[in-house]
J.: 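Got a structure here, written out as structure tokens. Questions coming.
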Amino acid sequence: MPAALKKYLVTAAAWLLALVFLAPYLEMVVTAARPANELRDNGYLPHHFAWNNFVDVWSKTTIGTNLGVSILVAGGATLLTLLVALPAAYYTARMRFRGRTAFLLLVLVTQMFQPTALQVGLAREFTSLNMMDSDLTLIVANAAFSLAFAVWILSAYISSIPAELEEAAMIDGTGRVGALFKVTLPLALPGVVTCVIFTFITAWNEFVMGLILVNSPAKQPLTVGIDSMIGAYHPQWNYMFAASLVSIVPVVVLFAAIERHVVAGLTAGSVK
């Protein structure tokens, strides 16, 4: 097969695959732009596009407030997870203490618990602490369920980095903390990025905790806010799809902002 023909076939296959993945999002855009009186029409495209649905979803619902809550909760849970997981993973990777293997296995086992199965216990615990109906509650709860994965991943990444690099830095006058931030963390950046993406998306998509632990509509995350548009008799499909498209934007922005850091972390130290 000629190289040029092979190139065109691969390109065509890539575009076809991209269209398959983009088709659901195109359907979301079309439905979000449908007028309310055309939601049950059989045609794929509406007779006219009601782009004001994207404006109305902000003015007629609490989506704007819910979006702010989701950003706060997902960002706060990600930051809290990293603050707790990094020291734990570093100590676990560098120190050979008794019960280390059992500790790591216990950390992995806790990842198997479903948040849904623990909601009653969480609700009782946060009620006793007078922390129900609070953004801090969602931040702590989401960080707790992501912590085990973060410790496991970061511990594996840090273990793969030779300790001699830190020792050389400490001989040059850098303390252990300095060696951690100047040597280990830049090399473990792919693991940190993995934890950031996993924790942020997990907290961003969380529904059950936002529904049970928070009662005020203005304090609920975006997932619960979108679900509230499903009425008993008249689901607002156009607003639901418009809000769903809005909910995609922060995740896309996160990936766009963090992509170059992934590449930089993968190649860090490769030429030295």
J.: With rounding to the nearest 0.5 angstrom, report the CH2 to OG1 distance, W152 to T92.
T.: 10.5 Å

J.: Closest heavy-atom contact between V140 and L80?
T.: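 Shortest heavy-atom separation between V140 and L80 comes out as CA-CD2, 4.3 Å.
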
J.: Could you tell me which non-hydrogen atom of A143 sits nearest to which non-hydrogen atom of A77, and how far apart they are?
T.: CB-O, 3.8 Å

J.: S59: what forms a side-chain contact (heavy atoms from CB on, under 4.5 Å) with it, not counting sequence neighbours?
T.: D56

J.: Could I get the full list of ring pair (Phe, Tyr, Trp, His ring centres under 6.0 Å) partners for F198, not counting sequence neighbours?
T.: F149

J.: Pair up each side-chain donor or acceptor in residues 207-216 with any protein partner under 3.5 Å, not counting sequence neighbours, and list the distances.
T.:
| unit_1 | atom_1 | unit_2 | atom_2 | d |
| --- | --- | --- | --- | --- |
| S216 | OG | D133 | OD1 | 3.4 |
| S216 | OG | D133 | OD2 | 2.6 |

J.: If you link ILVMFWY side chains whenever their heavy atoms are less than 4.5 Å apart, which other residues fall into the same cluster as V55? By chain and number, please.
T.: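 Members alongside V55: none; it stands by itself.
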
J.: Run the ring pair (Phe, Tyr, Trp, His ring centres under 6.0 Å) test against F49 and tell me which residues pass, sequence neighbours left out.
T.: W51

J.: L245 and A32: which non-hydrogen atoms are nearest, and at how many Å?
T.: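 That would be CD1-CB, 4.0 Å.
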
J.: Considering non-hydrogen atoms only, spot the tightest contact between V151 and A88 and give its length.
T.: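 So the two residues come closest at CG2-CB, 4.2 Å.
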
J.: Drop me the distance from C195's SG to L154's CG, to the nearest 0.5 angstrom.
T.: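 Atom-to-atom, C195:SG and L154:CG are 3.5 Å apart.
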
J.: Answer yes or no: is there a donor N or O on one side and an acceptor on the other, between the side chain of N53 and the main chain of R34, under 3.5 Å?
T.: yes

J.: Are I226 and S244 side-chain neighbours, meaning at least one heavy-atom pair lies under 4.5 Å?
T.: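 I226 vs S244: side chains touch.
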
J.: Find out whether L222 and V69 are in side-chain contact, i.e. whether some heavy atom of one side chain is under 4.5 Å from a heavy atom of the other.
T.: no

J.: Could you tell me the separation between the OG1 atom of T184 and the CG atom of L189, rounded to the nearest 0.5 Å?
T.: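 Between atom OG1 of T184 and atom CG of L189 there are 12.5 Å.
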
J.: Roughly how far, to the nearest 0.5 Å, is OG1 of T62 from NZ of K219?
T.: 13.5 Å

J.: Hydrophobic cluster membership, with links at side-chain heavy-atom distances under 4.5 Å among I/L/V/M/F/W/Y: are I197 and V252 in one?
T.: yes

J.: Restricting to side-chain contact (heavy atoms from CB on, under 4.5 Å), what partner residues turn up for P162, sequence neighbours left out?
T.: E164, L165

J.: Write down the atom of A89, the atom of I158, and the distance for their closest heavy-atom approach.
T.: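 Nearest pair, atom of A89 first, then I158: C-CD1, 4.2 Å.
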
J.: Tell me which pairs pass side-chain hydrogen bond (donor to acceptor under 3.5 Å, both in side chains) where either residue lies in residues 195-206, with sequence neighbours left out.
T.: none

J.: How many angstroms lie between OG in S146 and CG in L82, if you round to the nearest 0.5 Å?
T.: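 Between atom OG of S146 and atom CG of L82 there are 10.0 Å.
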
J.: Under a 4.5 Å side-chain heavy-atom rule over Ile, Leu, Val, Met, Phe, Trp and Tyr, are V57 and V30 clustered together?
T.: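 Yes.
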
J.: Can you see which heavy atom on I139 is nearest to which on L72, and at what distance?
T.: CD1-O, 4.0 Å

J.: Supply the members, apart from V249, of the Ile/Leu/Val/Met/Phe/Trp/Tyr cluster built from side-chain contacts under 4.5 Å; use none for a lone residue.
T.: V253

J.: Looking at residues at least two apart in the chain, or sitting in another chain, which of them share a side-chain contact (heavy atoms from CB on, under 4.5 Å) with A144?
T.: none

J.: Given 3.5 Å as the limit, does a donor-acceptor pair link the side chain of N66 with the main chain of Q220, or not?
T.: yes

J.: To the closest 0.5 Å, what do you measure between CZ (R94) and CD1 (I161)?
T.: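 Result: 6.5 Å between the selected atoms.
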
J.: Evaluate the side-chain proximity of W58 to V246: yes if any heavy-atom separation is below 4.5 Å, no if none is.
T.: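 Touching, per the 4.5 Å side-chain cut-off.
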
J.: Are side-chain heavy atoms of L185 and L86 found at a separation under 4.5 Å?
T.: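 L185 vs L86: side chains touch.
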
J.: Using the test ring pair (Phe, Tyr, Trp, His ring centres under 6.0 Å), find all partners of Y8 that sit at least two apart in sequence or belong to another chain.
T.: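 Counting only residues at least two positions away or on another chain, Y8 forms no ring pair (Phe, Tyr, Trp, His ring centres under 6.0 Å).
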
J.: Could you tabulate the donor-acceptor pairs under 3.5 Å formed by side-chain atoms of residues 117-128, not counting sequence neighbours?
T.:
| unit_1 | atom_1 | unit_2 | atom_2 | d |
| --- | --- | --- | --- | --- |
| Q119 | NE2 | P115 | O | 2.5 |
| T127 | OG1 | A123 | O | 2.6 |
| S128 | OG | R124 | O | 3.4 |
| S128 | OG | E125 | O | 2.6 |

J.: Suppose the criterion is side-chain hydrogen bond (donor to acceptor under 3.5 Å, both in side chains): which pairs have a residue in residues 70-90, not counting sequence neighbours?
T.: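 Applying side-chain hydrogen bond (donor to acceptor under 3.5 Å, both in side chains) to every pair that reaches into residues 70-90, excluding sequence neighbours, yields Y90-E166, Y90-R176.
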
J.: Is a donor on one side and an acceptor on the other found under 3.5 Å between the side chain of S160 and the backbone of Y157?
T.: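 Judged by distance alone, yes, a pair lies under 3.5 Å.
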
J.: Do W15 and V10 land in one hydrophobic cluster if side-chain heavy atoms of ILVMFWY residues count as linked below 4.5 Å?
T.: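 As far as the 4.5 Å side-chain criterion goes, V10 and W15 are not connected within one cluster.
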
